[in-house]
Structure formats: C-alpha cells, structure tokens
2 protein chains.
Amino acid sequence: MSDSGRKPPEANPTATVPKVVVSRLSLYLRELQQLVRDGQETTNSTQLGELLGVTAAQVRKDLAYFGQFGYPGIGYRCQELIVEFKRILGTTQPWGVALIGIGNLGRALLRYRGFASQGFRIAAAFDVDVQVIGTTVEGIDVYAMDTLTDQVKKMEIKLAMIAVPAVAAQEVADRLVAAGIEGLLNFAPVTISLPDHVQTVGVDLAIELEQLSFAVVTHGRKT
Amino acid sequence: MSDSGRKPPEANPTATVPKVVVSRLSLYLRELQQLVRDGQETTNSTQLGELLGVTAAQVRKDLAYFGQFGYPGIGYRCQELIVEFKRILGTTQPWGVALIGIGNLGRALLRYRGFASQGFRIAAAFDVDVQVIGTTVEGIDVYAMDTLTDQVKKMEIKLAMIAVPAVAAQEVADRLVAAGIEGLLNFAPVTISLPDHVQTVGVDLAIELEQLSFAVVTHGRKT
DNA sequence: TAGATTGTTAATCGATTAACAATC
DNA sequence: TAGATTGTTAATCGATTAACAATC
C-alpha cells in the first residue's frame, strides 16, 4: 500500500518538456495537496483535469513526460504524486532564497507564509538602506549589499528574489550572478539580461492586471 | 508626423486572440515604454523581438491580430504603438480596483507604485479586522466587508485583488461576484470557482519559485 | 469476471517560422 | 531609385485531443 515498488518512475530524460507542462505540474501539485487536506487518498485524470480546467487526456499526457505514476482502473494515489512532483520540480529539499530589497514588497515577501510549505526559506535579506541594514525583519537578518557574495557562498544560496526599484534591478541581478546565484525571481517591471546559465522568472503585478483588463473588456468573446 | 491618419487600425474582431499573444502584448508595451524613456522614437519587429526573446516574424504576426500599425521601410512609432496597445488592453482609462485583505501582501499592494502608471488605481480596501477598518492606509480608506457591495457599486469598481488567506478566498470571491465585480486578480494559493462571465487571473508566488526551481535543477538541459 | 482507468498512438488543431510581394 | 521593413501567405513545428489496447 505504501511502497510496493511497482511502476518505474523513469521518464525519457532527453525529451524536452514544454514550459506550459511544467507550469501545469505546479498547479497539479497545488490541487493534490488540497485533495489530501480534504482527506482524499486517490484521484484520477478526469478529476485533476476538472480542477485545472483541462481535458483528462492532457493530464495523462502531461504526466507521461515524467514517468508512469498511475494504476489502471484505480487512478493515482495523491500522496505518491505529491512526492513525485516535488522531486521533479526540485523542491524535495528546501531551497535557501536570498531576498534583495526590503521595501514594501520585500517586507511582504519576508512575512509571506506560503513559501515554507512549498520548500522555500528566505535565508538572508539585503538592502542598501543603512536604516535597515543590521536589523532583523521577521527573524531574518538584513545585510548590506557589500556582503552579498560572502553570505550567498557561506549559506550556499542558489535562488534570489529581486524586489528593488526597476532602475536598480539590472545592477542587482549582475551582482547576484557574480555571487554565483543560479536562479532569479524578478519582481521589478523590467526585462533583465542574464547569461544563459542563470534562470529567470519574472512577476510583474501591473502586467497581471493588464491581462485581467483585457479579459474583462473582451468579455465573453473568449480569450 | 503626429496623426496623419494613414493606416486603418481595424483588426478582424471575430478572430480569437491566443492568450499567449495577449501576454506578449503587455511585454511589448513595457519595452516600448522603456524605449520612449530612453528617447527612442521608432522601433521595428527585429528590435522588439530581441527585447522579448522572440523572432521578428512572431512580433509582426502578434501585432497583425489587432491591426496594421507599422510603416514598411520604417518600422513602428513607439508612441503610436503604446497608445494602440493601451487601447487594446483596455487601460486607456484608469480602472478603479478594490483590494480585499489588508495583511502583509495587501499593504504591499497598497504601497506599490507600479500600478498607477499602467492605469490602475486602488480605489477602496476591505478587511474583516476591526483594528484596520475605518483607518486609512496610504491614503486609501479601509472598509468593513459588509460595505463591499455598496462601495463597489457607488465607486463603479469592476476589478478586485484578493489578498486574503487561502481558506477565505473562495468566500470573498463569491461576495465580490455578488457585488458585480467583473475581474479578479487572486493572490491566494487556491483555485477559485467562478461563473463564466467573471474573469480571473491567479498569481501564486510559491508556484513562481517552483518554476524557477525546476529551471535550475534541469539547468542547461533546456526548458 | 466486469468495470474503470491508465499510458500511448494517431489525428487534429493551433502557433511559430520562413519567405516574399507590397510599400514607404 | 535602392534599401529597409512591413503584413501576409504557405510550410513547419509542436501541443492538444480522441481513441483504444493494456492493465488492475
């Protein structure tokens, strides 16, 4: 029942996974965690599809990129999928994350409770403001930007969130890259140029509202 | 030079625009605004493509969904495109936005400077906490949830941002819909069920970090 | 066994790219 | 005019869907 070692969770490692499939993987994970909280032990492609608004065929195709996780006639065991998806997404072990910029948004991110449960821990915060350097916010020490490289290396931090003003974002990104950071979550509303080996994800809150605006003005007339 | 009324900015209104094209439209707009700040008056599909990391052909195809905005041999006038894109996205006139939940994230959103410049203004804030009801945060009045319908109707608010705990998100959404809200930006890490005529965009910060994690662990091995 | 549901193949659909005549 | 760049068409590529044998 727990670990009968039946199916081979080995996918084609050369197959390149479409970005949109990876984003759905996170959504599946979120729904699975909700199902478990609701006491459900198994699910199936039809249910997962309904929860995400996609077809059952797509759910099965998505999962097939990563391996065989299902039981024909039964469906999927929620807890098993959660473990697999976390492994695939790389969040089995918690990541230490650096936060740059302790302004409005930075403080909100420091206080945000939703990171820890998904395997992310803000390990250190950085700012240029002498008023906040040396203080502790939500139990996290705020360091001067000068100490970035040292701290990042000492704490083996690989991910960073940029919550500085737009004009400073590129320079901060350059320093993070120089310090050896491998992935950046950028909240500044600018495109950042980075070497190929550094990954970036951008979150622009105004753009999200723009997308909503478009959806509303075009109304029912579909996307 | 300014408004010679040459080309017809009329697109096929029945053509359904792919969601991914609309998201690139926002990115084009952001780059165009940056180009104007940098003093550039015209651009072309090659430059816009480089800024976004897409091909020039794709830029031209994207724009073709909405009309003919270019000048063969010249390219595009930045300021003209900005005006057109804002019209298409529906942000020519500013939207009043309701904010629900004045916690960590809600306060950061209230203070965020990036909304106004893109045509969004937080018009009213709501919470259940009697400690904050009746106060003013960043010049915005905080109201009790009971007054939601009245305020939304009085201020003709059509968009709302949900920044409440996950467990409360669905109920808040239901009340917003009952109040006549047409679009929701949901920051709670849950899927919200809504009637078809109400548009939703979800922003889940932990999911963004998960996507980054995946990109880092799969490293260079592409997407 | 009968019923349910998977994983996978083939068919369909849609988006991206390349090429080029039309235009400034 | 010659050069540059658009808008659009056709070709390619990739993702989604439908169907079904295999499996529990």
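Each chain gets a letter, A, B and so on, in the order its sequence line appears, and its residues count up from 1.
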What nucleic acid atoms does A:Ser45 come within less than 4.0 Å of, heavy atoms only: base, sugar-phosphate, or nothing?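 Result for A:Ser45 = sugar-phosphate.
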
Nearest to the [X] side chain among [options], which nucleotide is it?
| X | options | answer |
| --- | --- | --- |
| A:Tyr65 | D:dA15, D:dT5, C:dT6 | D:dA15 |
| A:Gln58 | C:dT17, D:dT8, D:dT16 | D:dT16 |
| B:Asn44 | C:dT6, D:dT6, C:dT8 | D:dT6 |
| B:Lys61 | D:dA22, C:dT16, D:dT17 | C:dT16 |
| A:Ala64 | C:dT16, D:dG7, C:dT8 | C:dT8 |
| A:Ala57 | D:dA18, D:dG7, C:dA18 | D:dA18 |
| B:Thr55 | C:dT6, D:dG7, C:dT17 | C:dT17 |

Going by the angle between their ring planes, with limits at 30° and 60°, are A:Phe85 and A:Phe69 parallel, tilted or perpendicular?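 Plane angle over 60°, so perpendicular.
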
Would you kindly say whether B:Arg30 and B:Gln33 are connected by a side-chain donor-acceptor distance under 3.5 Å?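 There is no such pair (donor and acceptor under 3.5 Å, judged by atom type) between the side chains of B:Arg30 and B:Gln33.
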
Round to the nearest Å and state the distance from [X] atom [atom1] to [N] atom [atom2].
| X | N | atom1 | atom2 | value |
| --- | --- | --- | --- | --- |
| A:Ile74 | C:dT6 | CD1 | C1' | 10 Å |
| A:Arg77 | D:dC24 | CZ | C1' | 11 Å |
| B:Glu80 | D:dT5 | CD | C1' | 15 Å |

Nearest heavy atom decides the nucleotide; on that basis, is A:Ala56 or B:Gly73 closer to the 5' end of DNA chain C?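 That would be A:Ala56.
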
